[in-house]
Amino acid sequence: MSEVPTVAELLGADAPSNWGKWGPDDELGALNYLDAAEVLRGVQHIKSGETFTLQIQMGRTDGPGDPLWPGREGIQRQNELDEGTWDKEGAPAFPGGLHYADDTARIFLQGSTQYDALGHVWYDGKLWNGYDARSTIGAMEKASVLPIAEKGIVGRGVLIDMARHRGKQWLDKGETFDHNDLEAAAKSQGVEILPHDILVIRTGWMKYWYELNDPEAFYDGFIEPGLTYSRELVEWFQTREVPNLVTDTIANEVTSDPNSGVALPLHCALMRNLGVTLTEIAWLDDLADACAADNRWTFLYVAAPLKVVNGTGAPVNPIAIR
Ligand code: UVW
């Protein structure tokens, strides 16, 4: 087997880059494209007033639990106060007899539907915009999720249903597609992917997780379906000025590049180099069914990840309004 190149070797020294485009202190990357005009453009795609929440359930205890990148844990939610608290001696006593419930939770910030901070991945010691990777030590000082959360993400969303396009309930393990496939799927849906569209891609992979209901089989030879790296694909994202890529997979791209064997090269090519924000583990099936039913594939997309100071990412429940 030939040796796996480094990410830097695969992408090349002249890899497409948006570093410096929005100034030396930028932490929003391609989300800068989403200005007030884009909000108003998005609003024009509300026709019926239907709303779709795009987060998966967090901390499900039935079925397979929550889908996660290997090595992460799902939310550990714990009761701190509940009615049982007031059975105990020394329980708090509030005038009027009020009882209440409180929870705590330990969560991986990437452990549910989430926005990745632009500093979430890197290579060659540099994050988005050229920030030093050592600025991640202890707490993500630069390009954390906070600036993304402070901004909020609002614009025209376009759903490309790759699974439907290929006549499948879900794509197979390791099945790939690229920008040409996205264009072909868009054409067959009768929609155009326009500059500054929030690109939402359904593979059916989340549905597969819940319907398979067998984590062992799901993680066996773990390889998700998804977008696959090529320089042309990266240039396509750059010239389309895609601000945000949203998918129903855990990592938004095929886990291992089939040509080079490099893991998650698009995280580096799109997020680190172009500043494209990634949103992963989205629940897209209900939205896709509604879009297919009346053949309308565009909507207002609204998302507000949690404002986690220095966060590498943050859970989110985006809303599509159509
Ligand atoms: C990794 O980059 C490993 O994970 P995610 O898919 O959460 O971005």
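In each ligand, atom 1 is the first atom listed, and ligand 1 is the first ligand listed. Since the model is a prediction, treat every value here as computed from it, not as a measurement. Positions are given from 1 along the sequence.
- Under the 4.0 Å criterion applied to side-chain N and carboxylate O atoms, Arg166 and Asp181 are assigned as salt-bridge partners.
- Scanning the protein heavy atoms around atom 2 (O) of ligand 1, the nearest turns out to be His120 NE2, 3.3 Å.
- Per-residue contacts place Gln114 under 4.0 angstrom from the following atoms of ligand 1 (heavy atoms of the residue considered): 7 (O).
- Between Phe299 and Phe52, a ring centre-to-centre spacing not shorter than 6.0 Å is recorded.
- Atoms of ligand 1 found under 4.0 Å from any heavy atom of Ile250, numbered from 1 in the order shown, are 6 (O).
- Contact atoms of ligand 1 toward His267: 2 (O), 5 (P), 6 (O), 8 (O) (distance under 4.0 Å to a heavy atom of the residue).
- Heavy atoms of Arg72 found under 4.0 angstrom from ligand 1 belong exclusively to the side chain.
- With a heavy-atom cut-off of 4.0 Å, Asn252 does not touch ligand 1 at all.
- Near Val121, meaning under 4.0 Å from any of its heavy atoms, are these atoms of ligand 1: 2 (O).
- Using cut-offs of 30° and 60° for the angle between ring planes, the Tyr33 and Trp22 rings count as perpendicular.
- Ring geometry for Phe222 versus Trp69: interplanar angle over 60°, hence perpendicular rather than tilted (30 to 60°).
- Side chains of Tyr123 and Asn273: a donor on one and an acceptor on the other come within 3.5 Å.
- The protein non-hydrogen atom at the shortest distance from atom 5 (P) of ligand 1 is Glu280 OE1, 3.2 Å.
- Heavy-atom minimum distance, Pro225 versus Thr249: O-CG2, 3.8 Å.
- Residue Ala251 has at least one heavy-atom neighbour below 4.0 Å for each of these atoms of ligand 1: 6 (O).
- Polar contact check, Gln110 against ligand 1: no nitrogen or oxygen pair lies under 3.5 Å apart.
- A salt bridge does not link Asp294 with Lys47: none of the charged nitrogens is closer than 4.0 Å to a carboxylate oxygen.
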